[in-house]
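Notes for the one structure printed next.
Reckoned from all heavy atoms, side chains included, excluding hydrogens, waters and symmetry mates. Model, not experiment: these values are computed from the prediction.
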Amino acid sequence: MSEILGGLPKQFNPNLLVGYDSSDDAAVYQVSEDVAVIQTTDFFPSMVKDPYDFGRIAATNALSDVYSMGGQVITALNIVAYPDNTQPLDALAEILRGGAEKVLEAGGVLAGGHTIRQDPPLYGLAVAGVVHPDKIVTNNGCRPGDALIATKKLGVGIVTTAHNKGLIDDASFEEAIESMTTLNKYAAEIMLEYQVTACTDITGFGILGHLIEMVEEDVSAEIDVSKVPIIPGAYEAAKAKLTTGGAKRNREHYERLIDFQMDDVAMEEILFDPQTSGGLLITVPQDQLVGIMQAYEAANIQASHIGTITERKDKLITVK
(Lines give C-alpha, C1' and ligand atoms only; values in the text may rest on other atoms or scores of the structure.)
Protein backbone atom coordinates (compact mmCIF):
# COMPACT_ATOMS: atom_id res chain seq x y z
CA MET A 1 0.00 0.00 0.00
CA SER A 2 2.84 2.42 0.75
CA GLU A 3 4.14 1.87 -2.80
CA ILE A 4 0.70 2.63 -4.24
CA LEU A 5 0.30 5.78 -2.14
CA GLY A 6 3.81 6.86 -3.10
CA GLY A 7 2.73 6.97 -6.74
CA LEU A 8 -0.22 9.29 -6.19
CA PRO A 9 0.01 12.97 -7.21
CA LYS A 10 1.59 15.01 -4.43
CA GLN A 11 -0.44 17.78 -2.90
CA PHE A 12 0.79 20.49 -0.57
CA ASN A 13 -1.54 22.36 1.72
CA PRO A 14 -0.15 24.11 4.79
CA ASN A 15 -3.33 23.32 6.70
CA LEU A 16 -2.85 19.56 6.25
CA LEU A 17 -0.86 18.87 9.39
CA VAL A 18 -0.86 15.06 9.08
CA GLY A 19 -1.52 13.17 5.83
CA TYR A 20 -0.86 9.82 4.16
CA ASP A 21 2.82 10.64 3.67
CA SER A 22 3.33 9.52 7.28
CA SER A 23 2.32 6.32 9.09
CA ASP A 24 0.06 8.11 11.53
CA ASP A 25 -3.37 6.87 12.46
CA ALA A 26 -5.51 9.60 10.87
CA ALA A 27 -5.42 12.78 8.81
CA VAL A 28 -5.39 16.12 10.60
CA TYR A 29 -6.44 19.40 8.92
CA GLN A 30 -6.22 22.77 10.64
CA VAL A 31 -9.36 24.90 10.28
CA SER A 32 -8.55 27.74 12.68
CA GLU A 33 -5.84 28.93 15.04
CA ASP A 34 -6.98 26.63 17.81
CA VAL A 35 -8.93 23.85 16.04
CA ALA A 36 -7.80 21.02 13.78
CA VAL A 37 -10.09 18.31 12.44
CA ILE A 38 -9.09 14.64 12.67
CA GLN A 39 -10.48 12.36 9.94
CA THR A 40 -10.32 8.58 9.98
CA THR A 41 -12.25 5.54 8.81
CA ASP A 42 -12.20 1.80 9.44
CA PHE A 43 -14.48 -1.12 8.61
CA PHE A 44 -14.19 -4.90 8.34
CA PRO A 45 -16.14 -8.20 8.35
CA SER A 46 -17.23 -9.71 11.63
CA MET A 47 -14.91 -11.94 13.65
CA VAL A 48 -17.65 -12.80 16.19
CA LYS A 49 -21.07 -14.41 15.79
CA ASP A 50 -23.14 -11.92 17.78
CA PRO A 51 -24.16 -8.94 15.55
CA TYR A 52 -24.50 -6.57 18.49
CA ASP A 53 -20.97 -7.35 19.65
CA PHE A 54 -19.75 -6.95 16.07
CA GLY A 55 -21.25 -3.47 15.92
CA ARG A 56 -19.69 -2.46 19.22
CA ILE A 57 -16.27 -3.83 18.29
CA ALA A 58 -16.17 -2.24 14.83
CA ALA A 59 -17.24 1.15 16.16
CA THR A 60 -14.81 1.07 19.08
CA ASN A 61 -12.03 0.23 16.63
CA ALA A 62 -12.93 3.03 14.21
CA LEU A 63 -13.17 5.64 16.96
CA SER A 64 -9.76 4.72 18.36
CA ASP A 65 -7.62 6.68 15.90
CA VAL A 66 -9.04 9.97 17.17
CA TYR A 67 -7.99 9.10 20.71
CA SER A 68 -4.52 7.94 19.72
CA MET A 69 -3.90 11.38 18.22
CA GLY A 70 -5.07 13.22 21.31
CA GLY A 71 -8.46 14.29 19.97
CA GLN A 72 -12.13 14.21 20.88
CA VAL A 73 -14.80 12.55 18.73
CA ILE A 74 -17.44 14.88 17.28
CA THR A 75 -19.27 12.99 14.50
CA ALA A 76 -19.42 9.57 12.89
CA LEU A 77 -21.00 8.10 9.75
CA ASN A 78 -21.96 4.45 9.40
CA ILE A 79 -20.27 2.39 6.67
CA VAL A 80 -22.41 -0.68 5.98
CA ALA A 81 -22.21 -3.51 3.46
CA TYR A 82 -25.00 -6.04 3.82
CA PRO A 83 -26.43 -8.78 1.57
CA ASP A 84 -29.93 -8.75 0.10
CA ASN A 85 -32.40 -11.35 1.36
CA THR A 86 -29.74 -13.76 2.64
CA GLN A 87 -29.37 -12.49 6.18
CA PRO A 88 -32.11 -11.14 8.45
CA LEU A 89 -32.44 -7.39 8.80
CA ASP A 90 -32.82 -7.70 12.55
CA ALA A 91 -29.12 -8.72 12.61
CA LEU A 92 -28.26 -5.50 10.78
CA ALA A 93 -30.33 -3.57 13.29
CA GLU A 94 -28.26 -5.11 16.09
CA ILE A 95 -24.99 -4.23 14.36
CA LEU A 96 -26.11 -0.62 14.03
CA ARG A 97 -27.38 -0.52 17.61
CA GLY A 98 -24.02 -1.68 18.90
CA GLY A 99 -22.19 0.92 16.84
CA ALA A 100 -24.55 3.73 17.82
CA GLU A 101 -24.11 2.98 21.52
CA LYS A 102 -20.32 3.32 21.21
CA VAL A 103 -20.54 6.60 19.30
CA LEU A 104 -22.83 7.92 22.03
CA GLU A 105 -20.43 6.74 24.73
CA ALA A 106 -17.62 8.51 22.88
CA GLY A 107 -19.54 11.78 23.10
CA GLY A 108 -20.02 11.96 19.34
CA VAL A 109 -23.05 12.36 17.08
CA LEU A 110 -24.00 9.58 14.66
CA ALA A 111 -24.91 11.75 11.68
CA GLY A 112 -25.83 9.26 8.93
CA GLY A 113 -23.95 6.87 6.71
CA HIS A 114 -23.93 4.84 3.53
CA THR A 115 -25.02 1.29 2.71
CA ILE A 116 -24.17 -1.01 -0.20
CA ARG A 117 -25.12 -4.60 -1.08
CA GLN A 118 -22.28 -6.95 -0.17
CA ASP A 119 -21.76 -10.44 1.13
CA PRO A 120 -20.19 -11.02 3.61
CA PRO A 121 -21.38 -8.07 5.69
CA LEU A 122 -18.97 -5.27 6.57
CA TYR A 123 -19.38 -2.55 9.16
CA GLY A 124 -17.43 0.41 10.45
CA LEU A 125 -17.40 4.18 10.75
CA ALA A 126 -16.02 7.30 9.16
CA VAL A 127 -15.12 9.48 12.14
CA ALA A 128 -14.33 13.14 12.67
CA GLY A 129 -12.68 14.54 15.77
CA VAL A 130 -11.10 17.77 16.92
CA VAL A 131 -7.78 18.60 18.53
CA HIS A 132 -5.77 21.74 19.20
CA PRO A 133 -3.09 22.04 16.49
CA ASP A 134 -0.39 22.35 19.15
CA LYS A 135 -1.56 19.25 21.02
CA ILE A 136 -1.63 16.63 18.26
CA VAL A 137 -0.03 13.37 19.38
CA THR A 138 1.78 11.60 16.53
CA ASN A 139 3.31 8.14 16.41
CA ASN A 140 6.89 9.18 15.67
CA GLY A 141 8.03 11.50 18.46
CA CYS A 142 9.56 8.97 20.85
CA ARG A 143 13.14 9.47 22.07
CA PRO A 144 15.83 7.22 23.57
CA GLY A 145 15.09 6.55 27.23
CA ASP A 146 11.32 6.87 26.87
CA ALA A 147 9.19 4.24 28.59
CA LEU A 148 6.84 2.12 26.46
CA ILE A 149 3.31 1.45 27.76
CA ALA A 150 0.53 -0.79 26.39
CA THR A 151 -3.02 -0.19 27.60
CA LYS A 152 -4.81 -3.43 26.67
CA LYS A 153 -3.94 -7.09 26.84
CA LEU A 154 -2.81 -8.82 23.65
CA GLY A 155 -4.20 -11.94 22.03
CA VAL A 156 -7.70 -11.04 20.84
CA GLY A 157 -7.06 -12.39 17.33
CA ILE A 158 -5.85 -15.73 18.64
CA VAL A 159 -8.63 -15.96 21.23
CA THR A 160 -11.46 -15.20 18.78
CA THR A 161 -10.02 -17.65 16.25
CA ALA A 162 -9.82 -20.38 18.91
CA HIS A 163 -13.32 -19.62 20.21
CA ASN A 164 -14.87 -19.78 16.75
CA LYS A 165 -13.45 -23.31 16.52
CA GLY A 166 -14.73 -24.22 19.99
CA LEU A 167 -11.19 -24.64 21.32
CA ILE A 168 -11.02 -22.04 24.09
CA ASP A 169 -13.16 -21.34 27.15
CA ASP A 170 -15.92 -18.74 27.23
CA ALA A 171 -14.20 -16.75 29.98
CA SER A 172 -11.23 -15.96 27.73
CA PHE A 173 -13.56 -15.03 24.88
CA GLU A 174 -15.65 -12.76 27.08
CA GLU A 175 -12.49 -11.00 28.25
CA ALA A 176 -11.54 -10.49 24.61
CA ILE A 177 -14.98 -9.01 23.87
CA GLU A 178 -14.69 -6.70 26.87
CA SER A 179 -11.29 -5.53 25.67
CA MET A 180 -12.40 -4.94 22.08
CA THR A 181 -15.44 -2.93 23.19
CA THR A 182 -13.57 -0.71 25.66
CA LEU A 183 -13.06 2.75 24.19
CA ASN A 184 -9.51 4.07 24.22
CA LYS A 185 -11.07 7.35 25.27
CA TYR A 186 -10.42 6.65 28.93
CA ALA A 187 -6.78 5.67 28.50
CA ALA A 188 -6.23 8.69 26.25
CA GLU A 189 -7.74 11.15 28.73
CA ILE A 190 -5.15 10.12 31.31
CA MET A 191 -2.37 10.02 28.72
CA LEU A 192 -2.98 13.67 27.84
CA GLU A 193 -2.29 14.74 31.41
CA TYR A 194 1.34 13.67 30.94
CA GLN A 195 4.21 14.49 28.61
CA VAL A 196 3.46 11.89 25.95
CA THR A 197 6.07 11.77 23.19
CA ALA A 198 4.28 9.36 20.84
CA CYS A 199 1.16 7.21 20.61
CA THR A 200 -0.57 4.82 18.25
CA ASP A 201 -3.29 2.23 18.64
CA ILE A 202 -2.50 -1.46 18.22
CA THR A 203 -4.59 -2.95 15.44
CA GLY A 204 -3.98 -5.06 12.33
CA PHE A 205 -0.19 -4.93 12.26
CA GLY A 206 0.05 -6.32 15.80
CA ILE A 207 2.09 -4.69 18.53
CA LEU A 208 5.38 -5.29 16.69
CA GLY A 209 4.21 -3.77 13.41
CA HIS A 210 2.81 -0.66 15.04
CA LEU A 211 5.89 -0.26 17.23
CA ILE A 212 8.07 -0.42 14.11
CA GLU A 213 6.06 2.49 12.70
CA MET A 214 6.83 4.42 15.89
CA VAL A 215 10.60 3.86 15.83
CA GLU A 216 11.48 3.42 12.16
CA GLU A 217 12.78 6.95 11.60
CA ASP A 218 15.75 7.11 13.99
CA VAL A 219 15.37 5.04 17.19
CA SER A 220 14.82 1.42 18.28
CA ALA A 221 12.88 -0.29 21.06
CA GLU A 222 13.29 -3.11 23.56
CA ILE A 223 10.35 -5.20 24.81
CA ASP A 224 10.42 -7.31 27.97
CA VAL A 225 8.00 -10.16 27.20
CA SER A 226 7.57 -10.95 30.89
CA LYS A 227 5.75 -7.61 31.19
CA VAL A 228 3.51 -7.95 28.13
CA PRO A 229 -0.14 -8.36 29.21
CA ILE A 230 -1.92 -11.33 27.61
CA ILE A 231 -5.56 -12.47 27.68
CA PRO A 232 -5.79 -15.78 29.57
CA GLY A 233 -5.81 -18.71 27.18
CA ALA A 234 -4.10 -16.84 24.34
CA TYR A 235 -0.67 -18.30 25.05
CA GLU A 236 -1.96 -21.86 25.21
CA ALA A 237 -3.92 -21.32 21.98
CA ALA A 238 -0.80 -19.94 20.29
CA LYS A 239 1.16 -23.02 21.41
CA ALA A 240 -1.57 -25.12 19.80
CA LYS A 241 -1.02 -23.14 16.56
CA LEU A 242 -4.49 -21.56 16.67
CA THR A 243 -3.19 -18.43 14.97
CA THR A 244 -4.41 -16.19 12.17
CA GLY A 245 -3.48 -15.47 8.57
CA GLY A 246 -2.91 -11.87 9.60
CA ALA A 247 -0.25 -12.94 12.09
CA LYS A 248 1.50 -14.93 9.36
CA ARG A 249 1.54 -11.89 7.07
CA ASN A 250 2.83 -9.68 9.88
CA ARG A 251 5.65 -12.13 10.57
CA GLU A 252 6.60 -12.29 6.88
CA HIS A 253 6.71 -8.51 6.65
CA TYR A 254 8.34 -7.53 9.95
CA GLU A 255 10.41 -10.48 11.22
CA ARG A 256 13.63 -9.30 9.55
CA LEU A 257 13.47 -6.08 11.60
CA ILE A 258 13.21 -7.85 14.98
CA ASP A 259 15.85 -9.44 17.21
CA PHE A 260 14.13 -12.19 19.21
CA GLN A 261 16.46 -12.94 22.13
CA MET A 262 14.26 -15.75 23.38
CA ASP A 263 13.10 -19.21 22.35
CA ASP A 264 9.31 -18.97 22.53
CA VAL A 265 7.43 -19.25 19.24
CA ALA A 266 4.04 -19.00 20.96
CA MET A 267 4.97 -15.64 22.45
CA GLU A 268 6.22 -14.48 19.07
CA GLU A 269 2.81 -15.36 17.62
CA ILE A 270 1.09 -13.22 20.25
CA LEU A 271 3.34 -10.28 19.39
CA PHE A 272 2.54 -10.70 15.68
CA ASP A 273 -1.18 -11.26 16.36
CA PRO A 274 -3.44 -8.64 14.69
CA GLN A 275 -5.45 -6.83 17.33
CA THR A 276 -8.99 -5.83 16.53
CA SER A 277 -9.76 -2.69 18.54
CA GLY A 278 -6.51 -3.00 20.48
CA GLY A 279 -5.15 -0.67 23.10
CA LEU A 280 -2.88 2.34 22.91
CA LEU A 281 0.89 2.07 22.61
CA ILE A 282 2.33 5.09 24.40
CA THR A 283 5.80 6.49 25.06
CA VAL A 284 6.59 8.89 27.88
CA PRO A 285 9.85 10.19 29.37
CA GLN A 286 11.08 8.06 32.28
CA ASP A 287 10.31 10.82 34.77
CA GLN A 288 6.63 10.62 33.74
CA LEU A 289 6.35 6.84 34.06
CA VAL A 290 5.50 6.50 37.75
CA GLY A 291 2.87 9.20 37.60
CA ILE A 292 1.04 7.89 34.55
CA MET A 293 1.09 4.30 35.78
CA GLN A 294 -0.31 5.35 39.15
CA ALA A 295 -3.03 7.30 37.36
CA TYR A 296 -3.99 4.27 35.27
CA GLU A 297 -4.08 2.07 38.36
CA ALA A 298 -6.27 4.57 40.22
CA ALA A 299 -8.68 4.67 37.28
CA ASN A 300 -8.71 0.85 37.06
CA ILE A 301 -7.45 0.97 33.47
CA GLN A 302 -5.31 -1.88 32.17
CA ALA A 303 -1.80 -0.51 31.47
CA SER A 304 1.59 -2.19 31.47
CA HIS A 305 5.12 -0.82 31.20
CA ILE A 306 6.49 -3.25 28.61
CA GLY A 307 9.76 -1.75 27.41
CA THR A 308 12.01 1.15 26.53
CA ILE A 309 12.96 3.26 23.53
CA THR A 310 16.70 3.06 22.79
CA GLU A 311 19.29 4.53 20.49
CA ARG A 312 19.17 3.12 16.96
CA LYS A 313 20.37 -0.48 16.65
CA ASP A 314 20.80 -2.86 13.72
CA LYS A 315 17.30 -4.24 14.42
CA LEU A 316 14.40 -1.89 15.09
CA ILE A 317 13.01 -4.00 17.95
CA THR A 318 14.73 -6.28 20.46
CA VAL A 319 12.47 -8.75 22.28
CA LYS A 320 13.89 -10.28 25.45
Side-chain angles (χ1 to χ4, degrees), residues 1 18-20 23-29 36-48 50-82 91-116 118 120-131 136-139 151-152 156-157 160 176-189 191 199-206 209-210 213 246 274-281:
M1 184 57 70
V18 180
Y20 67 74
S23 298
D24 274 295
D25 299 316
V28 184
Y29 189 91
V37 174
I38 301 171
Q39 291 181 291
T40 185
T41 185
D42 210 334
F43 56 95
F44 43 69
S46 181
M47 75 302 296
V48 296
D50 185 273
Y52 173 67
D53 283 341
F54 173 39
R56 293 194 298 152
I57 291 166
T60 302
N61 181 77
L63 294 162
S64 180
D65 286 344
V66 172
Y67 298 126
S68 68
M69 300 196 76
Q72 297 178 318
V73 172
I74 53 172
T75 62
L77 301 174
N78 281 322
I79 300 172
V80 181
Y82 204 77
L92 176 57
E94 284 296 281
I95 293 170
L96 296 177
R97 180 171 73 91
E101 287 182 3
K102 284 299 168 181
V103 174
L104 181 64
E105 182 184 345
V109 176
L110 189 59
H114 186 67
T115 305
I116 64 170
Q118 157 79 28
L122 306 172
Y123 177 64
L125 299 172
V127 184
V130 291
V131 64
I136 299 167
V137 181
T138 63
N139 70 353
T151 67
K152 286 186 182 181
V156 296
T160 54
I177 295 293
E178 178 68 21
S179 176
M180 290 187 287
T181 57
T182 297
L183 292 176
N184 282 327
K185 169 184 178 179
Y186 309 108
E189 287 172 346
M191 170 186 80
C199 180
T200 189
D201 59 340
I202 306 168
T203 52
F205 297 152
H210 289 288
E213 289 182 336
Q275 301 302 285
T276 301
S277 190
L280 300 179
L281 193 58

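A distance-only check finds a donor-acceptor pair linking the side chain of Thr151 to the backbone of Leu280 [under 3.5 Å]. For the pair Ser68 (side chain) and Asp65 (backbone), a donor-acceptor distance under 3.5 Å is present. No donor-acceptor distance shorter than 3.5 angstrom exists from the side chain of Asp42 to the backbone of Ala62, with no hydrogens or angles considered.
For Phe205, the CZ atom sits in a loose shell: 12 or fewer heavy atoms of surrounding residues, nucleotides or ligands are nearer than 6.0 Å. Heavy atoms of other residues, nucleotides or ligands lying less than 6.0 angstrom from CD of Gln72 number 12 at most.
Residues Lys102 and Thr181 have side chains in contact (heavy-atom distance under 4.5 Å, counting atoms from C-beta outward). Considering only heavy atoms from C-beta on, Thr40 comes within 4.5 Å of Val66 through its side chain. Side-chain contact between Met180 and Thr60 is absent, with no heavy-atom pair separated by less than 4.5 Å. Between Val18 and Met69 the shortest side-chain heavy-atom distance falls below 4.5 Å. For the pair Ser277/Gln275, no side-chain contact is recorded, criterion being any heavy-atom separation below 4.5 Å from C-beta on.
When all heavy atoms of Phe54 and Leu122 are compared, the pair lying nearest together is CZ-C, 4.3 Å. When all heavy atoms are compared, the tightest approach of Leu63 to Ala106 is CD1-CB, 4.0 Å. Ala76 and Val103 make their closest contact through CB-CG2, 4.0 Å (heavy atoms, listed as atom of the first residue, atom of the second, distance). Between Ala100 and Leu110 the shortest heavy-atom distance is CB-CD2, 3.8 Å. Heavy atoms only, all atoms of each residue included: Cys199 and Val137 are closest at CB-CG1, 3.6 Å. Shown here for Ala58 and Gly124, the closest heavy-atom pair between the two residues is CB-CA, 4.4 Å.
For Tyr123, the side chain to side chain donor-acceptor pair (under 3.5 Å) partners at least two apart in sequence or on another chain are Asn78. Shown here are the side chain to side chain donor-acceptor pair (under 3.5 Å) partners of Glu101, two or more places apart in sequence or in another chain: Tyr52, Arg97. Residues passing the side chain to side chain donor-acceptor pair (under 3.5 Å) test with Ser46: none are found, sequence neighbours excluded. For Thr115, the side-chain contact (heavy atoms from CB on, under 4.5 Å) partners at least two apart in sequence or on another chain are Val80. Scanning for salt bridge (charged side-chain N to carboxylate O under 4.0 Å, His left out) contacts around Asp53 gives Arg56, with sequence neighbours left out.
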Report all side-chain donor-acceptor pairs from residues 182-189 shorter than 3.5 Å, counting only partners two or more places apart or in another chain.
unit_1 : atom_1 : unit_2 : atom_2 : d
Thr182 : OG1    : Glu178 : O      : 2.6
Asn184 : ND2    : Ser64  : OG     : 2.7
Asn184 : ND2    : Gly278 : O      : 3.1
Lys185 : NZ     : Glu105 : O      : 3.3
Tyr186 : OH     : Glu105 : OE2    : 2.6

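Between Thr276 atom OG1 and Phe44 atom CZ the span is 5.5 Å, to the nearest 0.5 Å. Within the model, atoms OG1 of Thr41 and CG of Leu77 stand 9.0 Å from one another, a figure rounded to the nearest 0.5 Å. Rounding to the nearest 0.5 angstrom, the gap separating the CG atom in Leu281 from the NE2 atom in His210 is 9.0 Å.
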